[in-house]
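Note that this is a predicted model, so its numbers are computed, not measured. Note on naming: letters A, B, ... go to the chains in the order of the sequence lines (proteins, then strands), and numbering restarts at 1 for each one.
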There are 4 protein chains.
Amino acid sequence: MRETGRAEKRARILEAASRVFASKGFFAATVAEVAREAKVADGTIYLYFRSKDDLLLRLVEARMNALCRAMQEVLAPIEDPVEKLSAFIRYHLEMVERSPEEAQVLIVELRQSGPDLKRELAELMRPYLAMLQRILEEGIARGVMRPLDPRAVRHAIFGALDEVALAWLLRGRRFDLAQNAEQLAELFVGGLAQTSPRSTP
Amino acid sequence: MRETGRAEKRARILEAASRVFASKGFFAATVAEVAREAKVADGTIYLYFRSKDDLLLRLVEARMNALCRAMQEVLAPIEDPVEKLSAFIRYHLEMVERSPEEAQVLIVELRQSGPDLKRELAELMRPYLAMLQRILEEGIARGVMRPLDPRAVRHAIFGALDEVALAWLLRGRRFDLAQNAEQLAELFVGGLAQTSPRSTP
Amino acid sequence: MRETGRAEKRARILEAASRVFASKGFFAATVAEVAREAKVADGTIYLYFRSKDDLLLRLVEARMNALCRAMQEVLAPIEDPVEKLSAFIRYHLEMVERSPEEAQVLIVELRQSGPDLKRELAELMRPYLAMLQRILEEGIARGVMRPLDPRAVRHAIFGALDEVALAWLLRGRRFDLAQNAEQLAELFVGGLAQTSPRSTP
Amino acid sequence: MRETGRAEKRARILEAASRVFASKGFFAATVAEVAREAKVADGTIYLYFRSKDDLLLRLVEARMNALCRAMQEVLAPIEDPVEKLSAFIRYHLEMVERSPEEAQVLIVELRQSGPDLKRELAELMRPYLAMLQRILEEGIARGVMRPLDPRAVRHAIFGALDEVALAWLLRGRRFDLAQNAEQLAELFVGGLAQTSPRSTP
DNA sequence: AATGAATGAGAGTTCATTCAT
DNA sequence: TATGAATGAACTCTCATTCAT
């Protein structure tokens, strides 16, 4: 238990925090509970994280990094921006379906915080949103997507994904998320499709 | 100061709660602060509301009712479901722009709560979401919208509106919300448009 | 509703207080509850009583007065101090059985109070205890009771009655109080009986 | 300061609670006051006790256990049930005289509580009352006591002891408790004495 | 590095009492 | 005289954070 020990314990605390925040919400969760779940002493948390807020921040950071990396890999081999967008939507919800607990933190608890924390959390989401925006920009640049404001569309798509995931989580995961992913992909791909070429006979 | 007095004071407390919750977040806000803002004693709050949770619930209820009524009136004279949807999107964000503080509560604080409260809040949103869904169902029924799953699309549109509004609020209202509304309207109207008829010469 | 009105309302409040204090305990009971039970406004209580403490004090006072008067009448026609004592014991528990709610206040709630209030309450009990003591003193003077310290015996008898009544009330009035009264009467009459004269042939 | 430290602090809090409850009454006493008296932080109380109610419960429990053990030892070497009863009465009041503060809690505050707490407290008294009842039952069985209902007599004796102790405490311990104990012992021993043997010359 | 007992500020809520009507 | 809405002090209990071991 040296260097690896440290990293492992940090990870264990983050895992514990993820579970506890997901099940109780960030505010209702207590540091003591996270400590118990991680099988460390209360004080130990503070050797790895500055505060409860910091714990959430680092948790979201870790999840976002993993999500970004994974999404990157999924999108890399795809050439067409339209297909990229479609893959983005489907893969995002696939991840939610695969790790609902992690998703819970990113989706639901993310906004549970005072304004300061909220701003910091938004900052952490940026790389992910940037990926989405780049797809849109490229689609527009290549002329395969309508020239709508990429930032507005990015927010729209992200909000849609978020809301669908939230509904799925809140309703106890009772509907088919993959099917919803298809619907969303069609909706947004259709919404961004260049319509003029079709009108030409 | 008889019947009007009571209702006015209740409204004053709701106004105060709206401001305080918006600026600090529901959890960080204290009942004492709401009382101070409303210029009543701490205990007075409890003559009008059962608890802090109830205060949020009633606040969201009031705002939702107003929003539903207003939206109803806007949509009533419109016949075409596609135009109705377009109007829904534009008017929703128009309201956000007009009363950002109220929106803050509906959009941001709405999810700040333990799971129990969250469920009750979701319940309060239902009539509004139902309106949106009905537009989609009618559009599909009349054959002017693609037969996508109305529930999925409803979530998508609502999430998109929410996220755009949230971004606008968090960034200090620095971009043009009306313009974004146009973009969203185009995006979703396009995404729902029946494409096949066009391909027929 | 003039002079009689006042007295009647005062009595109504006392009745209400009796019921509420009996069912909840003096501390747990609220003035608002008493007011509701008496069908008067909260503030009205304070037109008739100085404070919540005063309300209890006046309630006990009224009950003690009634109890004293009734006991007085019961004992008046009895000549023999031993029979008087026996009647006192039986009648005391008879009253408890007849009006358990009033008894509850006198027995149980009587001690629920800070030390100041407690002293004042003890003061109110004095006339009743004095009656008992006088019986004992006369019995001793006449040589029909053993010359035990009348004050000590008075406390003993009163404590015994109190405890038996308390047990009866706490156990949900499930045993026969009259039978217990007989037992107590025998016990104390026996305990106070002059034994030596009898042994002389 | 390991195992002993914990137990000692718990004991210190109980001592403090005993003093504070005795001087102010359970209801009027505040947890903050107990904490101050015990020289610990407010929150520390809750590391050792679940609630203010629990604090009283555990306090009574500890006192009752000690009382039972001590009484057990006193009675063990005594054979004759009549003498046992006499010793019980004298020793009970001796204990009150020796530790008036502890007695205050057991006697006075014991009934200061809502009905739920009251029932739990009554439960804690049972072993002690059972000891008393057993003495009576044995006395009756051996034919050295009159066959009065042991439960009724038990209540009577306990109530008498309670009341005498209460009076002594409320009057500022101004009369001789030991003397009263003698009187009570004579009273009850006399009351329970088999009278028939006396008639034999 | 790790512990977990201790801290104490601060939360929501209650309720005896007052006073304008 | 009666009302009951309003008050605000005071309560119990929680929990993020610290620090002696």
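In this structure, CG of A/D54 is placed 13 Å from C1' of F/dA16, rounded to the nearest angstrom. Here the P atom of nucleotide E/dT14 and the CG atom of C/D42 are 15 Å apart, to the nearest Å. Look at CG on C/D53: it is 10 Å from C1' on E/dA16, rounded to the nearest Å. As rounded to whole Å, 16 Å separates atom C1' of E/dA2 from atom CD of A/E8. Between B/I13 atom CD1 and F/dA5 atom P there is a gap of 13 Å when expressed in whole angstrom units. Across the protein-nucleic acid pair, D/L56 atom CG and F/dT12 atom P stand 13 Å apart, rounded to whole Å. Atom CZ in C/F27 sits roughly 13 Å away from atom C1' in E/dC15 (whole-Å rounding). Distance C/F26 CZ to E/dC15 P: 13 Å, rounded to the nearest Å.
For C/T30, the side-chain contact (heavy atoms from CB on, under 4.5 Å) partners two or more places apart in sequence, or in a different chain, are C/A32, C/E33. For A/A62, the side-chain contact (heavy atoms from CB on, under 4.5 Å) partners are A/L14, not counting sequence neighbours. Applying the side chain to side chain donor-acceptor pair (under 3.5 Å) criterion to C/E15, with sequence neighbours excluded, gives no partner residue. Residues passing the side chain to side chain donor-acceptor pair (under 3.5 Å) test with B/R126, sequence neighbours excluded: B/E123. Partners of D/S18 under the side-chain contact (heavy atoms from CB on, under 4.5 Å) rule, at least two apart in sequence or in another chain, are D/L59, D/R63, D/V105. Contacts of D/A29 classified as side-chain contact (heavy atoms from CB on, under 4.5 Å), with partners at least two apart in sequence or in another chain: D/V20, D/F21, D/K24. The ring pair (Phe, Tyr, Trp, His ring centres under 6.0 Å) check on C/F49 picks up nothing, with sequence neighbours excluded.
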- [ ] I would like to know whether A/R10 and A/I13 meet side chain to side chain contact (heavy atoms under 4.5 Å, CB included); could you show each step before the answer?
- [x] CA-CA 5 Å; A/R10 203 189 111 103; A/I13 294 169; 5.8 Å; no
Open item on the list: Apply side chain to side chain contact (heavy atoms under 4.5 Å, CB included) to residues A/L117 and A/L121 and explain how you reach the verdict.
Closed with: CA-CA 6 Å; A/L117 184 52; A/L121 286 166; 4.0 Å; yes
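Residue pairs satisfying the side-chain hydrogen bond (donor to acceptor under 3.5 Å, both in side chains) criterion with at least one member in residues 40-49 of chain B, sequence neighbours excluded, are absent. Residue pairs satisfying the salt bridge (Lys or Arg N to Asp or Glu O under 4.0 Å) criterion with at least one member in residues 51-62 of chain A, sequence neighbours excluded, are listed as follows: A/R50-A/D54, A/D54-A/R58, A/R58-A/E61.
Comparing F/dC13, F/dT17, F/dG8 by their nearest atom to the side chain of B/A41 picks out F/dG8. Here the side chain of B/R6 is nearest to one of E/dA5, F/dA5, E/dT3, namely F/dA5.
Residue C/K9 places at least one side-chain N or O under 4.0 Å from the OP1 or OP2 atom of F/dA2.
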Task: Pair pattern of DNA chain F in dot-bracket, where unpaired bases get dots and | marks partners in another strand, Watson-Crick or G-U under 3.5 angstrom - done: .||||||||||||||||||||
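Shown for residues 44-52 of chain C: residues whose heavy atoms fall under 4.0 angstrom of DNA chain E, namely C/Y46, C/S51, C/K52. Residues of residues 29-38 of chain A having a heavy atom closer than 4.0 Å to DNA chain F, listed by number: A/A29, A/T30, A/V31.
Residues B/K39 and A/G43 each lie close to DNA chain F; by heavy-atom proximity, the contact nearer the 5' end of the strand is made by B/K39.
In terms of modelled atom types and a separation under 3.5 Å, the side chain of C/R119 and the main chain of D/L170 share a donor-acceptor contact.
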